[in-house]
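To start, the structure under review is shown below, and the notes come after it.
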Amino acid sequence: SGEYLSEKQWWAIEPHLPKLKSRGRPWRDNRQCLEGILWILRSGARWQDLPARYPSPATCWRRLQLWTEQERWLSIWRALLGKLNARQRLDFQEAFIDGSFAAAKKGRRDRADEARKGSKLMVLADGQGIPVGVTVHSASPAEVTLVAPTLKMSRRLLGRLPQRLIADKGYDSDPLRAALAKRHIQQITPHRCNRRRAPRQDGRALRRYRRRWKIERTIAWLHQFRRLRVRYERRADIHQAFLSLGCSIICFRTLNRAKC
């Protein structure tokens, strides 16, 4: 087994990576490059600090870029979620959503977001806290406006939507409730203290809000990967690739616990 991937984990990932074909100089092994990418994800170090036991930083970066453009990371994540779903480890009776801010250290700043230098990460987790959707956005939009694209990504991965969506007071929005209701999703969100309109939240359903700590735990799991705490990538798709890879590792951990 490798430094970060066991044999079983590699067997699950290998079919989703392209086969190596070259008419000239042979390609470096996919597993070695993936181990190097995982070292960057976990350590948060610079590419030039990649240890010599891995392929060169340029080789690992090019492989990361290639697999991102081919959407290989989403394919791996989707397959792992499918395995969890087949073992009835996913709970879509309810889901949790929240946002997290990642500061940028390489000058990544959108023109419409001069006040805040960084990115906003939207995380959607199922009833067990397993990440089923993660998206990257500029820091300026309100999180309530980013719910729809995050749900869209989750549907792309799983082909389904949760029955209930649990979020904090920042998502107390009547237009959002109406939009979710059209999708047959019940929103469970406590009202803001300064709300002027008539209350719409059923107090009985708020008992589920007590479990909102699960989304905080999921975000903490993602922040264990140091590359995700701060955004070093200028390209949003590369940062999204690291996020998808981190979510895949969390799915692997859940699968291992399910076998015990």
Side-chain angles (χ1 to χ4, degrees), residues 4 33-51 54-74 76-77 96-125 129 131-154 156-157 167-168 170-171 215-250:
Y4 295 113
C33 293
L34 181 55
E35 291 277 359
I37 294 170
L38 285 170
W39 186 88
I40 293 293
L41 174 65
R42 289 181 177 274
S43 67
R46 303 175 301 173
W47 283 100
Q48 55 263 42
D49 295 330
L50 191 67
Y54 301 112
S56 69
T59 298
C60 291
W61 159 254
R62 285 194 295 267
R63 205 66 60 89
L64 171 65
Q65 182 182 21
L66 175 64
W67 292 340
T68 299
E69 294 171 352
Q70 295 177 344
E71 296 189 346
R72 303 289 178 172
W73 308 115
L74 286 178
I76 295 169
W77 186 11
F96 307 89
I97 193 168
D98 202 0
S100 175
F101 179 76
K105 295 297 184 182
K106 273 199 166 183
R108 178 67 178 94
R109 185 184 300 192
D110 295 306
R111 292 182 179 179
D113 190 22
E114 292 295 330
R116 301 189 68 185
K117 185 178 176 182
S119 298
K120 186 171 291 184
L121 313 179
M122 293 296 296
V123 182
L124 179 71
V132 294
V134 178
T135 52
V136 183
H137 308 272
S138 64
S140 57
E143 294 180 12
V144 69
T145 65
L146 305 178
V147 173
T150 309
L151 287 173
K152 182 179 179 180
M153 181 183 186
S154 178
R156 182 183 175 190
L157 288 169
D168 61 25
Y171 298 82
I215 187 64
E216 301 292 346
R217 183 185 62 180
T218 303
I219 294 174
W221 285 342
L222 288 172
H223 284 176
Q224 288 178 352
F225 305 105
R226 295 184 179 180
R227 194 74 180 189
L228 302 181
R229 297 180 191 172
V230 177
R231 177 172 171 178
Y232 294 95
E233 284 68 40
R234 297 183 184 273
R235 290 173 47 179
D237 59 340
I238 297 297
H239 192 66
Q240 178 75 55
F242 276 123
L243 281 166
S244 299
L245 184 54
C247 292
S248 297
I249 295 175
I250 294 174

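Every value quoted in this text rests on a predicted model; they were computed, and no experiment measured them.
- Between Val230 and Ala103, the shortest heavy-atom contact is CG1-O, 3.2 Å.
- Closest heavy-atom contact between Leu243 and Val134: CD1-CG1, 3.6 Å.
- No side-chain donor-acceptor contact under 3.5 Å links Lys120 to the backbone of Gly99.
- Annotation: Arg229, atom CZ; neighbour count of heavy atoms from other residues, nucleotides and ligands within 6.0 Å is above 12.
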Kindly indicate, with the supporting measurements, whether the criterion side chain to side chain contact (heavy atoms under 4.5 Å, CB included) is fulfilled by Trp67 and Ile37. CA-CA 11 Å; Trp67 292 340; Ile37 294 170; 4.2 Å; yes

Side chain to side chain contact (heavy atoms under 4.5 Å, CB included) between Met122 and Met153, worked out: CA-CA 11 Å; Met122 293 296 296; Met153 181 183 186; over 6 Å; no

Given the rule in the side-chain hydrogen bond (donor to acceptor under 3.5 Å, both in side chains) test, do Glu35 and Tyr54 qualify, once you have shown the distances and angles that lead to the verdict? CA-CA 7 Å; Glu35 291 277 359; Tyr54 301 112; 5.0 Å; no

Stepwise, does the side chain to side chain contact (heavy atoms under 4.5 Å, CB included) test hold for Thr68 with Leu64? CA-CA 6 Å; Thr68 299; Leu64 171 65; 4.0 Å; yes

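- Residues Gln70 and Arg72 share a closest heavy-atom pair of OE1-NE, 2.9 Å.
- Taking all atoms of both residues into account, the shortest heavy-atom contact from Leu50 to Pro55 is CD2-O, 3.3 Å.
- For Ile97 against Ile215, the heavy-atom pair with the smallest separation is C-CG1, 4.1 Å.
- Using bins of under 30°, 30° to 60° and over 60° for the plane-to-plane angle, the ring pair Phe242/Trp47 lands in the tilted bin.
- Evaluated for a side chain to side chain contact (heavy atoms under 4.5 Å, CB included) with Leu121, the options Gln240, His239, His137 yield exactly one hit, His239.
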Is there a side chain to side chain contact (heavy atoms under 4.5 Å, CB included) between Ile249 and Tyr4? Walk through the geometry before answering. CA-CA 10 Å; Ile249 295 175; Tyr4 295 113; over 6 Å; no

